[in-house]
Amino acid sequence: MPPCSETSVLLLPMVERCITLLQTYGVSSLTKLRQIHAFSIRHGVSIADAEMGKHLIFYLVSLPSPPPMSYAHKVFSKIEKPINIFIWNTLIRGYAECDSNYSVSAVSLYREMKVSGLVEPDTHTYPFLLKAVTKMADVRLGETIHSVVIRSGFGSLIFAQNSLLHLYANCGDLSNAYKVFDKMPEKDLVAWNSVINGFVENGKPDEALALYTEMDSKGIKPDGFTIVSLLSACAKIGALTLGKRVHVYMIKVGLTRNLHSSNVLLDLYARCGRVEEARIVFDEMVDKNSVSWTSLIVGLAVNGFGKEAIELFRVMDSKEGLLPCEITFVGILYACSHCGMVKEGFEYFRRMREEYKIKPRIEHFGCMVDLLARAGQVKEAFEYIMKMPMQPNVVIWRTLLGACTVHGESDLAEYSRLQILQLEPNHSGDYVLLSNMYASEQRWSDVQKIRKQMLRDGVRKVPGHSLVEVGNRVHEFLMGDKSHPKSEEIYAKLKEMTDRLRLEGYVPQISNVYVDVEEEEKENALVYHSEKIAIAFMLISTPERSPVRVVKNLRVCGDCHSAIKLVSKVYNREIVVRDRSRFHHFKNGSCSCQDYW
Ligand code: ZN
Ligand code: ZN
């Protein structure tokens with residue numbers, strides 16, 4: 001059949017019109033299209049005709065996801081001479097916008113185009129192609145295509161630079177991402193968003209915030225994407241003041257009505273230990289989905305408001321259309337465990353499986369072990385672990401080890417430690433726990449044995465550091481840190497603190513300092529851990545009675561814990577410490593963790 005018969009000349013505009021009508025009225029029906037297609041074939045409008053094919057493919061690719069790509073490709077392969085670049089681009093776009101399984105088809109179609117020699121790629125081809133490559137997270141292929149882009153003379157176009165930047169950021173290659181970004185003569189909001197988000201996603205929130213400050217100074221206004229990245233960065237390092245500024249900005253531009261950004265904001269407050277603010281954000285949200293409910297439930301639970309978390313779950317449970325997910329139950333079980341509600345915890349665990357058909361994951365079993373262990377039922381916790389349908393992980397053994405040290409179960413403690421050692425040979429925290437337990441039982445030879453073993457196994461500690469925020473700046477302190485410009489004042493305050501705490505009955509637990517090889521200089525028992533230095537700095541830098549928040553990368557030691565409890569009383573300050581595993585809300589001389597962490 002000739003590509004364009006006489007009938008087809010007459011009918012083509014009509015068929016085109018039909019397809020356009022379908023699009024205009026938003027009728028996205030594959031059946032309707034198949035009817036038109038069949039009609040065209042019957043009346044001699046050849047699908048081999050490029051014009052006809054163009055309309056069909058465009059319609060197919062624009063169908064709601066996932067578009068019928070194999071159908072679209074079949075239409076494409078029937079076209080005798082696809083000399084229209086629009087057809088190629090449409091199909092490449094279709095593949096690029098599907099999930100990553102289709103990305104490779106976009107690349108092979110591009111190769112086919114080059115080989116065919118029928119058309120040359122244009123400015124629309126490369127953005128789609130690079131989008132597909134980004135989904136494949138293939139840096140080398142991306143670089144190859146980028147060099148083609150440059151050779152074709154499109155290198156200076158902002159889309160090409162943005163795509164490459166996005167590719168690097170997406171693959172976690174931050175140094176190359178930043179290089180591309182830095183060289184861009186004109187950085188638009190897309191570029192700023194890619195680079196900021198790249199740093200947030202790859203665990204560099206400080207850099208992300210520094211970039212945001214630069215963006216702000218250039219007068220570039222953030223959009224919803226920037227806001228979400230910024231809030232996540234703030235949540236990671238506990239930069240509450242900046243987070244609050246972002247919040248104010250969100251109110252100004254109406255972004256608080258956006259469900260996704262409000263959820264991230266809620267999460268930020270919860271992670272900074274500001275449950276009241278999280279609650280306000282939650283209450284003011286016009287739409288709430290189960291993510292919002294879950295964030296607040298988990299936020300309440302980990303911040304020591306177990307009863308409130310459970311109450312909130314009861315309300316959520318009674319609302320129609322809101323289904324709890326597995327994370328919601330992590331929050332609930334955590335809450336039960338911290339409130340000592342053993343029976344209720346088991347009941348929720350049962351409901352999760354039977355009522356909500358959620359298959360418990362290892363995190364849920366971990367909560368159950370914690371529930372029993374916290375209630376002092378250490379042996380039952382051990383039996384529970386033995387009956388679990390999966391292999392217990394280090395977190396679970398560590399929970400048991402923690403409980404054993406609190407309840408003086410030496411044999412089980414040693415057993416747990418051996419299990420941990422097998423699973424994670426180079427982790428040092430457990431040596432520390434066990435050696436602290438031996439130290440508290442005055443078993444000095446065992447302490448020595450553990451320490452020797454640590455040296456033999458070459459275990460090195462991550463240095464402990466604490467972050468605090470004053471004004472818009474985050475200050476970082478290491479153990480024994482004297483690098484801060486206000487160091488002298490800080491150490492004077494530390495001395496005063498220790499003196500005042502002693503009057504309240506504080507006795508430094510030398511054993512903790514001595515064997516706590518979490519930090520390095522164990523010889524000097526007077527060296528202060530980073531959280532104490534950070535708190536002293538906050539006492540001299542912030543108004544009286546204002547709350548203090550500290551983010552620490554390691555577990556708080558027993559000595560610091562009892563010191564901070566007294567600081568909260570003596571200096572009348574609420575102190576929130578977020579450590580590696582949980583929140584401690586210190587107030588009036590006690591802590592929300594009830595000395596069990
Ligand atoms: Zn400490
Ligand atoms: Zn605590």
Side-chain angles (χ1 to χ4, degrees), residues 238 271-273 275 300-306 334-335 337-340 370 373-374 398-399 402-403 405-406 428-429 431-433 435-437 439-440 461-468 476-481 490-491 493-494 497-498 501-502 506-538 547-569 573-597:
R271 279 177 185 240
C272 287
V275 187
L300 286 165
V302 298
N303 281 291
F305 301 94
Y334 192 101
S337 141
H338 281 249
C339 295
D370 192 58
R374 255 170 200 277
R398 208 167 279 136
T399 304
T405 53
V406 170
S428 51
Y431 287 100
V432 178
L433 259 181
S435 95
N436 282 349
M437 183 180 85
S440 67
K461 286 307 300 179
V462 197
H465 71 245
S466 293
L467 304 172
V468 281
E476 181 180 20
F477 296 94
L478 299 175
M479 158 153 150
D481 202 336
I490 294 172
Y491 275 82
K493 192 70 186 178
L494 271 169
M497 259 165 70
T498 314
L501 297 191
R502 272 181 210 276
Y506 166 69
V507 182
Q509 296 170 35
I510 301 296
S511 71
N512 261 316
V513 185
Y514 194 58
V515 291
D516 188 355
V517 250
E518 285 213 5
E519 290 89 348
E520 281 158 13
E521 298 176 52
K522 28 194 186 294
E523 291 75 24
N524 188 353
L526 289 173
V527 167
Y528 294 103
H529 284 170
S530 61
E531 57 269 52
K532 277 193 192 145
I533 306 174
I535 289 169
F537 171 69
M538 290 306 274
V548 172
R549 285 172 314 101
V550 183
V551 175
K552 196 186 177 192
N553 64 331
L554 300 173
R555 199 173 160 274
V556 179
C557 81
D559 177 56
C560 288
H561 198 269
S562 42
I564 301 170
K565 279 201 290 187
L566 287 171
V567 172
S568 74
K569 185 176 161 202
R573 295 262 196 154
E574 244 185 276
I575 303 173
V576 180
V577 179
R578 183 175 113 197
D579 76 1
R580 195 177 60 197
S581 52
R582 70 185 72 247
F583 282 89
H584 301 269
H585 282 252
F586 297 94
K587 201 176 171 181
N588 286 329
S590 60
C591 179
S592 61
C593 76
Q594 291 145 4
D595 300 335
Y596 189 146
W597 73 100

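Each ligand, and each atom within it, is numbered from 1 in the order the structure gives.
- Between the SG atom of Cys557 and the ND1 atom of His529, the angle centred on the Zn ion (ligand 1) amounts to 110° when rounded to 10°.
- Its N, O or S atom nearest to the Zn ion (ligand 2) is what matters here, and for His584 that atom is ND1.
- Geometry about the Zn ion (ligand 2) gives an angle of 110° between NE2 of His561 and SG of Cys591, rounded in steps of 10 degrees.
- Side-chain contact, Thr399 with Asp370: no donor N or O sits under 3.5 Å from an acceptor N or O.
- Put simply, the side chain of Ser530 never gets that close to the backbone of Met479: no donor and acceptor are under 3.5 Å apart.
- Distances from the Zn ion (ligand 2) show that His585 has no N/O/S atom below 2.8 Å.
- Side chain of Asp579 to main chain of Lys552: no donor-acceptor pair is present (N/O by atom type, distance under 3.5 Å, no hydrogens or angles).
- With hydrogens and angles disregarded, no donor-acceptor distance shorter than 3.5 Å links the side chain of Ser466 to the backbone of Val550.
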